[in-house]
Novice: 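The structure under discussion is supplied below as structure tokens; questions concerning it will follow.
Counting starts at 1 for both ligands and their atoms, in listed order. Note that these values count all heavy atoms, side chains included, but never hydrogens, waters or copies made by symmetry.
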Amino acid sequence: MVLMEGRNQYEKTFGLPSDDVFQAIYSSEEEMLKFMGLMNSSWVLDGHDVVTAFDLSCFQRIIDLGGCTGALANEMARAYPASSITVFDLPEVVEAAQKHYSQEGNGVAFQSGDFFRGDIPSADLYVLARIVHDWTEEKCLALLKKIYEACKPGGGVLLIEALLFENRRGPLMVQIFSLNMLVQAEGRERSPSEYTNMLNKSGFHNVQVCRTGKSYDAILAIR
Ligand SMILES: C[S@@+](CC[C@H](N)C(=O)[O-])C[C@H]1O[C@@H](n2cnc3c(N)ncnc32)[C@H](O)[C@@H]1O
């Protein structure tokens with residue numbers, strides 16, 4: 001059904017809205033904590049490589065939008081001790097992250113908000129790790145344009161995603177991730193040129209792509 005219709009089946013299967021997968025996951029605290037644990041574990045392996053794919057030390061105020069438990073933000077704080085790092089996520093996630101994952105004295109702050117419906121705080125660099133792959137192109141463009149407006153001049157946006165080859169015939173793992181995004185969310189994995197086009201359409205320029213050789217890659221663009 002997912003492949004025939006090209007969209008997730010949340011509504012038919014669970015009677016839950018299909019256009020915001022997080023509302024469905026977060027309707028149970030148990031499911032939310034399981035999801036957060038899964039997100040947290042990825043960055044033990046790949047976190048250092050993705051945050052050092054580019055030298056980000058010139059960015060003073062960094063906001064990890066949809067930063068969940070703060071696992072990637074912790075890697076950022078270790079790599080860039082002179083920068084201030086804030087995790088921005090939905091209120092229920094921030095509350096659970098502070099309760100279960102907060103690390104005393106590492107300098108990572110948390111802020112609650114909704115990046116689609118509310119204001120995005122001003123910063124020099126916005127990190128979007130595994131965010132763009134969740135959503136349709138239309139929603140991604142709306143979010144990236146909003147980030148562009150909030151971003152300080154000379155600032156930028158860092159996308160962390162698993163990149164497809166340009167011909168989309170691999171890597172196999174990324175194709176599997178992409179199928180998972182179709183089943184679980186509204187999005188898919190994309191190629192470097194697809195991300196570059198979205199960033200350019202949102203106003204960003206100087207797009208640089210770094211394949212890390214690990215599961216996740218990095219794309220940096222400047223306002
Ligand atoms: C796929 S997870 C990625 C988490 C984290 N960036 C990582 O890579 O481990 C998506 C994150 O976006 C957050 N999120 C979803 N919708 C959001 C919204 N409207 N505003 C703020 N955060 C949101 C979720 O709570 C979740 O933490």
Novice: Considering both backbone and side-chain atoms of Gly66, is one of its nitrogen or oxygen atoms within less than 3.5 Å of a nitrogen or oxygen in ligand 1?
Specialist: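 So ligand 1 has an N or O lying under 3.5 Å from an N or O of Gly66.
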Novice: Anything under 30° is parallel, anything over 60° is perpendicular, the rest tilted; go ahead and classify Phe204 against Tyr148.
Specialist: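 Answer is perpendicular, since the angle exceeds 60°.
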Novice: Can you tell me which residue and heavy atom of the protein come closest to atom 12 (O) of ligand 1, and the distance to 0.1 Å?
Specialist: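 Protein heavy atom at minimum distance: Ile131 CD1, 3.4 Å.
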Novice: I'd like to know if Val93 contacts ligand 1, where contact means a heavy-atom distance under 4.0 Å to any ligand atom.
Specialist: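 Val93 counts as a contact of ligand 1 under the 4.0 Å cut-off.
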Novice: Does the residue Gly113 have a heavy-atom contact with ligand 1, meaning some pair of atoms that are separated by less than 4.0 Å?
Specialist: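 Yes, Gly113 has a heavy atom closer than 4.0 Å to ligand 1.
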Novice: Answer yes or no: does atom CD of Glu92 have more than 12 heavy-atom neighbours from other residues, nucleotides or ligands under 6.0 Å?
Specialist: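 Counting other residues, nucleotides and ligands, CD of Glu92 exceeds 12 neighbours.
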Novice: What part of Asp134, side chain from CB on, backbone N/CA/C/O, both or neither, has a heavy atom under 4.0 Å from ligand 1?
Specialist: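 For Asp134, the contact with ligand 1 is made by the side chain alone.
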Novice: Quick one: do Asp124 and Arg61 make a salt bridge, cutoff under 4.0 Å?
Specialist: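 No, no charged N to carboxylate O under 4.0 Å.
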Novice: Evaluate the side chain to side chain contact (heavy atoms under 4.5 Å, CB included) criterion for residues Val132 and Arg190: first the C-alpha distance (whole Å), next the side-chain angles of each, then the deciding distance (0.1 Å), finally the verdict.
Specialist: CA-CA 9 Å; Val132 174; Arg190 297 177 170 93; 3.7 Å; yes
Novice: N/O to N/O below 3.5 Å, does that happen between Asp114 and ligand 1?
Specialist: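 Yes.
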Novice: Would you say His133 has any N or O atom under 3.5 Å from an N or O of ligand 1, going by distance alone?
Specialist: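 Looking only at distances, the answer is no, because the N/O contact criterion of under 3.5 Å is not met.
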Novice: In a check of side-chain hydrogen bond (donor to acceptor under 3.5 Å, both in side chains) between Asn74 and each of Thr69, Asn40, Asp64, Asn106, which one passes?
Specialist: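 Exactly one pass, corresponding to Asn106.
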Novice: Inspect the surroundings of CD in Glu138 and state if more than 12 heavy atoms from other residues, nucleotides or ligands are less than 6.0 Å away.
Specialist: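 Atom CD in Glu138 is not crowded, with 12 or fewer foreign heavy atoms closer than 6.0 Å.
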Novice: Counting only heavy atoms closer than 4.0 Å, does ligand 1 sit against the backbone of Leu128, its side chain, both, or neither?
Specialist: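 Answer for Leu128: neither.
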Novice: Heavy-atom distances under 4.0 Å are what count here, so tell me which part of Phe35 touches ligand 1: side chain, backbone, both or neither.
Specialist: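 Side chain only; the backbone of Phe35 stays clear of ligand 1.
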Novice: What protein heavy atom is closest to atom 15 (C) of ligand 1, reported as residue, atom name and distance in Å?
Specialist: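 Residue, atom and distance for the closest contact: Phe22 CD1, 3.4 Å.
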Novice: Using a strict cut-off of 4.0 Å, indicate which atoms of ligand 1 neighbour a heavy atom of Asp89.
Specialist: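 Close to Asp89: 13 (C), 14 (N), 22 (N), 23 (C), 24 (C), 25 (O), 26 (C), 27 (O).
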Novice: Taking ILVMFWY side chains as joined if any heavy atoms are under 4.5 angstrom apart, and letting links pass through other members, which residues group with Ile176?
Specialist: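 Besides Ile176, the hydrophobic cluster comprises Leu172, listed by chain and residue number.
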Novice: Give the minimum heavy-atom separation between Val93 and Cys68, together with the two atoms involved.
Specialist: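 Minimum heavy-atom separation between Val93 and Cys68: CG1-CA, 3.9 Å.
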Novice: Among all the protein's non-hydrogen atoms, which is closest to atom 8 (O) of ligand 1, and how far away is it?
Specialist: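 For this ligand atom, the closest protein heavy atom is Arg130 NE, 2.9 Å.
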Novice: Just jot down the ligand 1 atoms closer than 4.0 angstrom to any heavy atom of Tyr26, in number order.
Specialist: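 Numbered from 1, ligand 1 contributes 24 (C), 25 (O), 26 (C), 27 (O).
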Novice: So, using side chain to side chain donor-acceptor pair (under 3.5 Å) as the criterion, who are the partners of Lys34 when residues are at least two apart?
Specialist: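 Lys34: side chain to side chain donor-acceptor pair (under 3.5 Å) contacts with Glu31.
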Novice: Which word best sums up how the rings of Phe115 and Trp135 line up, parallel for under 30°, tilted for 30 to 60°, or perpendicular for over 60°?
Specialist: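 The arrangement is perpendicular - the two ring planes meet at more than 60°.
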Novice: Under 4.0 Å from a heavy atom of Ala129: which atoms of ligand 1 are those, numbered in the order shown and with their elements?
Specialist: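 Checking each atom against Ala129, I get 3 (C), 5 (C), 6 (N), 7 (C), 8 (O).
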Novice: Nearest protein heavy-atom contact for atom 17 (C) of ligand 1: which residue, which atom, what distance?
Specialist: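 Nearest neighbour among protein heavy atoms for atom 17 (C) of ligand 1, to 0.1 Å: Phe115 CZ, 3.4 Å.
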